[in-house]
Each structure stands twice: as structure tokens, then as C-alpha cells.
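Below, each value reflects all heavy atoms present in this structure, side chains not excepted, and no hydrogens, waters or symmetry copies.
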Amino acid sequence: MLSALLFDLDGTLADTNPIHFLSWQKILKRYGLEIEQDFYEDHISGKHNPQIIRDIFPDMASEAGIQLADEKESLFRELATNLMKPLPGLVDFLNWATTQNLQLALVTNAPKANVDFMLNALELSNTFPVVVLGEELPKAKPDPIPYQITLDKLGINAEEAIAFEDSPSGIISAVGANILTVGVLSTHPTEDLLNAGAKWLIEDFTDSKLKQILYEHGLLL
């Protein structure tokens with residue numbers, strides 16, 4: 001029986017991908033690197049900041065890498081203030097889940113400052129009793145640890161949860177924890193999400209396929 005819904009943050013609760021791309025584009029230009037969308041999708045999207053910086057600047061000192069990440073996230077929050085809004089249907093879906101007594105959890109690689117900022121901006125600060133941050137764990141997504149920790153915190157088995165993710169990295173993490181995963185098509189192409197292991201795909205939370213997914217788990221949306 002389904003007892004919990006688990007959500008990624010960026011690209012799943014809100015379509016922040018264009019804002020992150022613009023932030024990285026502006027910041028990396030300061031470091032002498034000009035990037036386009038393809039580079040962003042291949043080397044940045046869905047990954048944890050330390051991994052991103054190690055991949056792009058393998059010789060960069062750790063303190064400089066931390067400074068770069070802080071600059072980027074500060075710029076993201078500045079840009080997102082007026083640009084960010086929840087994915088269509090999200091708020092109604094979360095309200096419905098609450099009426100069904102489903103547990104809700106947030107599982108993200110985003111830094112805590114971004115998580116607090118985004119949840120506040122989306123008016124969801126009190127929505128997720130369980131929030132699991134990749135930066136506070138031994139490994140972030142795509143490792144399954146964040147989702148395994150989430151299941152432990154909720155006190156449930158993998159079969160009792162559905163995860164919603166927009167990136168291959170996040171899907172690999174959730175699937176690695178044996179959680180049925182729904183890919184949200186806000187960021188990456190269909191093929192990438194299916195190859196990562198998504199069982200279902202939805203455009204957003206108004207997608208009619210969401211009703212079918214829940215019906216198969218004994219719930220009516």
C-alpha cells in the first residue's frame with residue numbers, strides 16, 4: 001500500500017532549470033569558461049556542486065571551489081526571486097496527498113540555503129516534515145543513500161513509496177533504493193529519464209497519467 005510520496009526539489013517542485021543554467025553561465029564566464037545548454041545538461045544538471053566543480057575544474061583548490069559554488073547559489077537565489085513558480089498542479093497534488101494521509105518528504109542535492117529559500121518562495125515551508133539533503137550525507141545523488149535515509153526516517157519500505165524526479169541522477173538514486181520512480185519532463189528528454197530507470201513519465205502534476213499511477217496503488221486522485 002502506498003504510504004509516502006518523495007520529491008526532488010529543482011525541476012520537480014519548480015522549473016528552476018533555466019535559472020540554474022543562467023546562473024552557471026554567468027558565474028563560469030567569470031572563470032573564463034563560456035557554456036551553452038548542451039554543456040549544462042551533460043556536466044551540471046542534476047549533479048551535486050562539489051562533483052560539478054571537480055569535473056569542470058579538476059585542479060581547483062577546495063577553498064576556491066567552495067567560493068565558486070557560493071557565488072553561483074547566491075546568484076541563483078537573486079535571479080529566482082522573481083522567476084520561480086511551482087510546477088502546474090503541484091500545490092493541488094500536495095494538498096490532495098495530505099488529505100490521503102500520505103507522508104511527504106523532500107530529497108535533494110540542493111544546498112540548504114537554496115532549499116530554505118525555495119520552499120519559502122513557493123509557500124511550501126511547512127509541507128515536508130522530512131527533508132534530506134545530499135550535502136549532509138556521505139554521498140549525494142546519484143548514490144541511493146539519500147533515498148535510503150529517507151525511507152529510514154519515514155519508517156517505511158521502498159514498496160510503500162513513489163519518488164518524483166526530473167534528472168537522470170535523481171532517478172538513478174531513487175531506483176537504486178528500489179523505489180518506483182516517476183520522471184518529470186521539465187528538464188531532460190524522455191529517453192534520458194527512461195534509460196535512468198523511470199517507470200512512468202509525466203509532463204507536470206496536471207498530467208492525466210498521474211491518476212493512473214495512483215489508481216494502480218489503490219488511490220483516486
Original post:
Would you call Val115 and Phe128 a side-chain contact if the rule is heavy atoms closer than 4.5 Å?
Top reply: no

Subject >> Close side-chain approach of Leu13 to Leu119, heavy-atom, < 4.5 Å >> reply: yes

Subject >> Nearest heavy atoms of Asp10 and Asp8, plus distance in Å >> reply: O-OD2, 2.8 Å

Original post:
Hey, does the side chain of Thr181 reach the backbone of Ile179 with a donor-acceptor pair shorter than 3.5 angstrom?
Top reply: yes

Original post:
Parallel, tilted or perpendicular for Phe7 and Phe93, by the 30°/60° rule?
Top reply: perpendicular

Subject >> Contact list for residues 113-122, test side chain to side chain donor-acceptor pair (under 3.5 Å), sequence neighbours left out >> reply: Glu73-Asn114, Arg77-Asn114, Lys112-Asp116

Original post:
So, His20 and Ser45: side-chain donor and acceptor under 3.5 Å apart, yes or no?
Top reply: no

Subject >> Under 3.5 Å side-chain donor-acceptor pair for Ser186 and Asp15 >> reply: no

Subject >> Pairs meeting criterion side chain to side chain donor-acceptor pair (under 3.5 Å) with involvement of residues 33-44, two or more places apart >> reply: Asn17-Tyr40, Gln37-Glu41

Identify every side-chain donor-acceptor pair in residues 58-71 under 3.5 Å, counting partners at least two apart or on other chains, and give the distances.
from  : atom 1 : to    : atom 2 : distance (Å)
Gln67 : NE2    : Glu71 : OE2    : 3.1
Glu71 : OE1    : Tyr31 : OH     : 3.4

**OP:** Could you tell me whether the side chain of Thr108 and the main chain of Leu133 form a donor-acceptor pair under 3.5 Å?
**Re:** no

**OP:** Sequence neighbours left out, what passes side-chain contact (heavy atoms from CB on, under 4.5 Å) with Leu185? Give chain and number order.
**Re:** Thr190, Leu193, Leu201, Glu203

Subject >> Pairs involving residues 156-171, ordered by first then second residue, that meet side chain to side chain donor-acceptor pair (under 3.5 Å) (sequence neighbours left out) >> reply: Ser3-Glu160, Thr12-Asp166, Lys141-Glu165, Tyr147-Glu165, Asp166-Thr187

Original post:
Closest approach of Pro146 and Val132, non-hydrogen atoms and distance?
Top reply: O-CG1, 3.7 Å

**OP:** Could you tell me whether Phe39 and Phe21 have their ring centroids closer than 6.0 angstrom?
**Re:** no

**OP:** Only pairs at least two apart or in different chains count here, so list each side chain to side chain donor-acceptor pair (under 3.5 Å) that has a residue in residues 94-103.
**Re:** none

